[in-house]
Amino acid sequence: MGQKIALNVIYNVGIIVCLFIGYEGIMSKHYSWVLGVAFILVIFVILKIRLMKEVRNMNRRN
């Protein structure tokens, strides 16, 4: 369970960093950064949702 908590923290930090880089990319008009960050952000969100579902199902079994 500790590994899942650490993974959740890493996903949260990754999402926050992606949002910050995306904002800076928009402000400096580097839209290639925004496109790359959007792709990575979607991956982080999908992985976080899968992790949340896995933890929820693990808690229901117990």
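Worth knowing before you read on, the calculation uses all heavy atoms, side chains too, and leaves out hydrogens, waters and symmetry mates.
Legend: side-chain hydrogen bond (donor to acceptor under 3.5 Å, both in side chains) pairs involving residues 34-44, not counting sequence neighbours: none detected.
In this structure E54 satisfies the salt bridge (charged side-chain N to carboxylate O under 4.0 Å, His left out) test together with K4, sequence neighbours excluded.
Within the 4.5 Å cutoff, side-chain heavy atoms of I49 are placed close to those of V45.
Cluster note: I46 groups with V42 through ILVMFWY side-chain heavy atoms spaced under 4.5 Å, whether in direct contact or through intervening members. In the hydrophobic clustering (ILVMFWY side chains linked at under 4.5 Å, chained through shared members), L35 stands by itself.
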Using a 3.5 Å cut-off and no angle test, enumerate the donor-acceptor pairs between side-chain atoms of residues 8-33 and protein atoms at least two apart in sequence or in another chain.
from	atom 1	to	atom 2	distance (Å)
N8	OD1	K48	NZ	2.5
N12	OD1	K48	NZ	2.9
N12	ND2	N8	O	3.4
S28	OG	E24	O	2.8

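Linking Ile, Leu, Val, Met, Phe, Trp and Tyr residues whenever their side-chain heavy atoms come within less than 4.5 Å leaves M52 and F44 in two separate clusters.
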